[in-house]
Amino acid sequence: MSDNQPQQYPGYQPREPYGSGYGSPYGESYGESYGYGNGQYGGDAYGPQDAYGTPPPADPAYLPPQHHQTTLASEEPEARQHPQPARPAAPAPAPASTAHLAPNQRARLEGRSPIIPPGMQPAALTAVLAVLLGLSAQLARPVLAVPVVLLQAVTAAGWFRLNGMWPARQGIALAFLAGLTTDVALLATDRADAPVVAIGTLGVWCAFILVLQLRNRSSADERMYALTAGLTSTALAVLASGQLAAAPDAITVGAAAVAVATLARALRLPSFVSVAIALVAAAGAGIGAGELTGFGTPGALLGLAAGGCALIGLRVASYDYPSRFVHMTAGVALPLALAAPAVYVLGRALG
């Protein structure tokens with residue numbers, strides 16, 4: 001066999017050279033063997049062909065992404081011409097009724113200020129207790145001890161309730177007993193020894209409270225909270241004993257100033273206006289009570305100081321969404337309890 005002639009294989013038919021034209025580059029055998037029409041590639045089934053022929057259609061699953069982009073772009077104007085209607089918004093939930101809640105709970109739920117003043121009714125009770133102190137101060141000291149003991153009991157209970165600790169019977173009892181012990185010691189000693197008596201009693205009871213808290217099996221945070229509340233309540237009960245140690249005329253002047261300042265602060269006026277009116281009224285009440293008792297015009301300074309301490313007590317009793325019980329205990333007692341040191345010190349200095 002010559003090297004220049006192609007080797008023949010069974011079933012093999014040589015193709016025509018390319019010089020014969022470009023009409024059907026793959027020949028008739030390709031079309032007939034795969035069944036694409038009558039001898040031409042897509043001649044009868046797919047219409048007339050161009051000079052180079054048309055490749056078979058591709059699988060739709062492998063179409064290029066340009067086809068989808070074109071379709072989306074062609075559909076976009078139609079979507080703009082016919083916009084989809086907006087879905088109606090979901091109705092807002094109906095607000096829960098707060099009529100059954102206490103005023104402080106309603107204020108907390110509505111996010112209002114945590115400062116809620118006690119109001120006129122606690123102020124009236126404070127004024128009544130102040131009048132009892134002022135009148136009994138002109139009598140014997142054992143008579144004066146009765147409203148002082150009442151003041152100490154309300155102070156101890158109100159402070160624990162103000163700190164959210166209720167029923168703290170043990171802490172209230174300890175604070176009240178501390179104040180009662182101070183009262184007994186003051187009645188047994190001279191008025192000039194009141195600071196030594198108060199400090200000594202407070203030191204002993206603070207140590208007693210510390211020992212009791214060491215036996216507490218609660219968590220560290222709870223023990224610290226109970227310790228601070230107990231010490232503060234005990235200190236306030238002991239401070240209230242200053243009403244028993246002060247001079248009688250100074251007690252009357254200070255009680256009158258506290259009563260007037262508390263009532264003036266309870267008026268429905270802007271905060272700074274009511275504070276100014278309360279301080280001026282306390283000074284005026286101090287002058288008036290001083291003229292009646294013989295304390296004189298220095299009663300204005302004593303009344304101003306006692307009125308300022310009373311306003312501080314009202315502010316403390318108004319803090320952190322206080323309940324009505326807090327207003328009727330701490331709101332009543334704290335103005336008089338915090339004014340006691342000022343009454344004792346200024347009474348001795350000015351009298």
Solution key, residues 147-154 side-chain donor-acceptor pairs under 3.5 Å, sequence neighbours excluded:
residue, atom, partner, partner atom, Å
Gln152, NE2, Gly179, O, 3.3
Gln152, NE2, Asp183, OD1, 3.0
Gln152, NE2, Asp183, OD2, 3.2
Gln152, NE2, Ala237, O, 3.1
Gln152, NE2, Ser241, OG, 2.6

Cluster check [X], [Y]: I/L/V/M/F/W/Y, side chain < 4.5 angstrom:
X      : Y      : answer
Trp159 : Leu338 : yes
Leu267 : Phe272 : yes
Val260 : Val280 : no
Leu177 : Ile172 : no
Leu236 : Val326 : yes

Does any N or O in the side chain of [X] come within less than 3.5 Å of the main-chain N or O of [Y], such that one atom is a donor and the other an acceptor?
X      : Y      : result
Asn216 : Leu212 : no
Tyr321 : Arg112 : yes
Arg217 : Arg215 : yes
Ser136 : Leu133 : yes
Ser274 : Ser271 : yes
Tyr225 : Met165 : no
Arg191 : Ala246 : yes
Ser233 : Gly230 : no
His327 : Ser318 : no
Arg141 : Leu186 : yes

Kindly give the heavy-atom pair with the smallest separation between [X] and [Y], and that separation in Å.
X      : Y      : result
Ala278 : Ala261 : CB-O, 3.5 Å
Val258 : Ala306 : CG2-O, 3.8 Å
Gly331 : Pro335 : O-CD, 3.6 Å
Tyr344 : Ala194 : OH-CB, 3.8 Å
Ala145 : Leu187 : CB-CD1, 4.3 Å
Leu239 : Ala340 : O-CB, 3.2 Å

First locate atom [atom1] of [X], then atom [atom2] of [Y], and finally report the distance between them rounded to the nearest 0.5 Å.
X      : Y      : atom1 : atom2 : answer
Gln138 : Thr252 : CD    : OG1   : 3.5 Å
Leu174 : Arg169 : CG    : CZ    : 14.0 Å
Thr228 : Gln213 : OG1   : CD    : 9.0 Å
Leu350 : Asp249 : CG    : CG    : 12.5 Å
Ser113 : Asp320 : OG    : CG    : 10.5 Å
Leu227 : Thr232 : CG    : OG1   : 9.0 Å

Quick one, [X] and [Y] - any side-chain contact, counting heavy atoms below 4.5 Å?
X      : Y      : value
Leu162 : Val316 : yes
Pro298 : Leu302 : no
Leu144 : Gln243 : no
Arg315 : Ile115 : yes
Thr155 : Phe176 : no
Thr297 : Glu291 : yes

Exercise for the section: Any chance you could lay out the side chain to side chain contact (heavy atoms under 4.5 Å, CB included) test for Leu263 and Met120, step after step, and finish with the verdict? Expected result: CA-CA 7 Å; Leu263 292 173; Met120 184 58 69; 4.0 Å; yes
Side-chain donor-acceptor pairs of residues 122-132 under 3.5 Å, sequence neighbours excluded:
residue, atom, partner, partner atom, Å
Thr126, OG1, Pro122, O, 2.9
Thr126, OG1, Val332, O, 3.1

Practice task
List the steps and the verdict of side chain to side chain contact (heavy atoms under 4.5 Å, CB included) for Leu231 and Thr234.
Solution key: CA-CA 5 Å; Leu231 292 177; Thr234 302; 5.7 Å; no
Exercise for the section: Would you indicate whether Met224, at its atom CE, is surrounded by more than 12 heavy atoms from other residues, nucleotides or ligands within a distance under 6.0 Å? Expected result: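 Check fails, neighbour count at 12 or below.
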Exercise for the section: Can you establish whether the number of heavy atoms outside Gln170 located under 6.0 Å from its atom CD is more than 12? Expected result: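 Open.
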